[in-house]
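Working notes for the structure below.
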Amino acid sequence: MAEAMPIRVLLADDHPVVREGLSAMLESAEGITVVGQAVSGEEAVVQAAALRPDIALLDLRMGRMDGVEATGQILRQVPGCKVVIVTTYEDDADILRAVEAGAAGYLLKGSSRQELIDAVHTAARGETVLTPSLAGKLFRSRVADPSPLSGRECEVLRLVGRGLTNAEIGAELFVSEATVKTYLLRSFRKLGVSDRTAAVMTAMERGLLS
């Protein structure tokens, strides 16, 4: 049996100590290799286009081009790349900006080595990464949204219930993964939940997916 290819990761952070720390943690994990390091959003975009990484871990705030803007540019140039924002900031608006720009998730720099490694593997599988403390903070603040689920949001949840990944749902509905993530986030907000499984179960209990 052929050996699985390692997950290729690009790191971008304007603090060298942070970059080296993240790199050391990831390089110590089996099945992950760091292929590049960038000191700015602009450099991250250039390196992503050249290196074609599987995952880009981007700092949120890096001077002129922040991680959210870099996310959009990277995904346009390297559609197969998954972007995870790694930052010290926990602002709800920043989280939404990042995910709606197409990021696969949002992770705090205080996360453990195992959480970082798990996040890379989760993103590589096409799933959304969100530190539990951030998920609770984000969705508790939006739990009161009384809007009903749209037809497309229900359709996305039906496909989640069938076990499809975001990428597979996007292909099924002819939309981008970023659009699928946006539908899911809106569904979570309306249903008052913080993950895919809970969204499907809650929607089913309310008779929304029949």
Side-chain angles (χ1 to χ4, degrees), residues 55-56 58 60-61 66-72 74-76 79 81-108 110-111 115 118-210:
I55 306 292
L58 307 182
L60 180 64
R61 301 183 184 177
D66 68 7
V68 174
E69 185 179 350
T71 293
I74 287 172
L75 294 180
R76 283 192 292 273
C81 182
K82 312 296 182 184
V83 176
V84 176
I85 300 294
V86 185
T87 182
T88 56
Y89 301 98
E90 299 185 50
D91 183 75
D92 293 355
D94 286 334
I95 301 170
L96 276 178
R97 283 179 61 234
V99 177
E100 290 181 352
Y106 200 101
L107 195 67
L108 288 179
S111 300
E115 286 173 331
D118 288 345
V120 169
H121 284 285
T122 297
R125 291 194 300 269
E127 299 172 12
T128 300
V129 176
L130 196 60
T131 297
S133 63
L134 292 176
K137 185 176 188 295
L138 175 62
F139 297 116
R140 276 197 303 273
S141 68
R142 291 164 170 78
V143 90
D145 188 339
S147 306
L149 293 182
S150 69
R152 182 49 65 94
E153 287 161 358
C154 288
E155 195 170 8
V156 167
L157 289 181
R158 288 190 192 97
L159 295 175
V160 170
R162 284 170 43 192
L164 275 65
T165 66
N166 289 351
E168 291 168 337
I169 293 171
E172 181 88 5
L173 300 180
F174 302 100
V175 298
S176 69
E177 279 189 69
T179 299
V180 173
K181 292 188 183 81
T182 298
Y183 285 131
L184 285 172
L185 279 178
R186 290 174 181 168
S187 300
F188 294 173
R189 193 162 61 234
K190 292 175 180 180
L191 296 170
V193 299
S194 60
D195 62 66
R196 297 157 63 93
T197 301
V200 172
M201 294 301 294
T202 301
M204 289 178 65
E205 289 169 1
R206 296 182 186 179
L208 301 176
L209 303 185
S210 58

Nearest heavy-atom pair of [X] and [Y]: which atoms, and what distance?
X: A124; Y: I55; result: N-CD1, 3.7 Å
X: R196; Y: L164; result: NH2-O, 2.9 Å
X: G102; Y: A178; result: CA-CB, 3.6 Å
X: L209; Y: C154; result: CD2-O, 3.6 Å
X: G126; Y: K82; result: CA-CE, 4.3 Å

- Sequence neighbours left out, what passes salt bridge (Lys or Arg N to Asp or Glu O under 4.0 Å) with E127? Give chain and number order.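 Salt bridge (Lys or Arg N to Asp or Glu O under 4.0 Å) list for E127, sorted by chain: R125.
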Quiz item: Looking at residues at least two apart in the chain, or sitting in another chain, which of them share a salt bridge (Lys or Arg N to Asp or Glu O under 4.0 Å) with R152?
Solution: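 Here the qualifying residues are E155.
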Q: Would you please test L58 and I74 for side chain to side chain contact (heavy atoms under 4.5 Å, CB included) and show each step?
A: CA-CA 11 Å; L58 307 182; I74 287 172; 3.9 Å; yes
Going from [atom1] on [X] to [atom2] on [Y], what distance comes out if it is rounded to the nearest 0.5 angstrom?
X: E115; Y: T122; atom1: CD; atom2: OG1; value: 11.0 Å
X: E172; Y: R162; atom1: CD; atom2: CZ; value: 5.5 Å
X: D66; Y: I85; atom1: CG; atom2: CD1; value: 8.0 Å
X: T179; Y: F174; atom1: OG1; atom2: CZ; value: 14.0 Å
X: L173; Y: Y183; atom1: CG; atom2: OH; value: 8.0 Å
X: E205; Y: L191; atom1: CD; atom2: CG; value: 10.0 Å

Discussion item. Counting C-beta onward and ignoring hydrogens, is there a side-chain heavy-atom pair between N166 and L184 closer than 4.5 Å?
Written reply: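 Yes; the side chains approach each other to less than 4.5 Å.
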- Message: Checking V84 against V120 for the side chain to side chain contact (heavy atoms under 4.5 Å, CB included) test, could you report, in this order, the C-alpha distance in whole Å, the side-chain angles of both residues, the deciding distance, and whether it holds?
- Response: CA-CA 8 Å; V84 176; V120 169; over 6 Å; no
Q.
Would the distance check show the side chain of K190 and the main-chain N or O of P148 forming a donor-acceptor pair, the cut-off being under 3.5 Å?
A.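 Checked: pair present.
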Worked verdict on L208 versus L157 for side chain to side chain contact (heavy atoms under 4.5 Å, CB included) = CA-CA 10 Å; L208 301 176; L157 289 181; over 6 Å; no
